[in-house]
Amino acid sequence: MQRQPHVLFDALMLIYGIQNDNQLADKLSLSTGSVSRIRKGTQNISAALILTIYERSGISIDNIKDMIQEDKERRLRRETERQETTHDQ
């Protein structure tokens with residue numbers, strides 16, 4: 001399943017009223033490089049980070065997990081479009 005950590009990070013930025021990933025990194029005690037890698041999908045969100053987000057934001061762990069997972073309808077639509085494109089070629 002494709003993950004979408006940017007959804008979680010964007011929500012945290014709204015909750016905290018912060019403007020950029022540097023501020024988010026400070027709030028989560030991460031390096032800006034880690035935030036960037038997680039946002040790009042080249043680094044996974046660790047269980048420890050999920051707990052930190054829960055403890056600092058009050059967002060439930062289930063909601064955190066939901067935010068970082070691509071919604072099934074969108075994934076199905078993307079897969080269908082990919083198959084149609086492949087068949088059209």
Applying side-chain contact (heavy atoms from CB on, under 4.5 Å) between M67 and each of I59, D62, D10, report the one that passes.
-> I59
Would you mind listing every salt bridge (charged side-chain N to carboxylate O under 4.0 Å, His left out) that reaches into residues 11-22, with sequence neighbours excluded?
-> D21-R39
Find the distance between NZ (K27) and CE (M13) and round it off to the nearest 0.5 Å.
-> 13.0 Å
Quick one: list whatever passes side chain to side chain contact (heavy atoms under 4.5 Å, CB included) with N22, sequence neighbours left out.
-> N20, T32
Apply the test side-chain contact (heavy atoms from CB on, under 4.5 Å) to residues I53 and L28: give CA-CA distance (whole Å), side-chain angles for both, the deciding distance (0.1 Å), then the verdict.
-> CA-CA 7 Å; I53 292 169; L28 298 176; 3.9 Å; yes
Give a yes or no on whether Q19 atom CD has more than 12 heavy-atom contacts from other residues, nucleotides or ligands under 6.0 Å away.
-> no
Qualifying residues under side chain to side chain donor-acceptor pair (under 3.5 Å), relative to D26, sequence neighbours excluded | none
Contacts of type side chain to side chain contact (heavy atoms under 4.5 Å, CB included), residue S36, not counting sequence neighbours = K40
Using the test side chain to side chain donor-acceptor pair (under 3.5 Å), find all partners of T52 that sit at least two apart in sequence or belong to another chain.
-> none
By side chain to side chain contact (heavy atoms under 4.5 Å, CB included), which residues pair with I61, not counting sequence neighbours?
-> I50, L51, Y54, K65
Atom CD1 in I38, atom CG in L8: separation rounded to 0.5 Å?
-> 9.5 Å
Just how far is it from atom CD1 of I64 to atom OG of S57, taken to the nearest 0.5 Å?
-> 5.0 Å
With sequence neighbours excluded, tell me which residues meet side chain to side chain donor-acceptor pair (under 3.5 Å) with Q43.
-> R37
Kindly write out the residues that satisfy side chain to side chain contact (heavy atoms under 4.5 Å, CB included) with S29, not counting sequence neighbours, or none if the list is empty.
-> R56
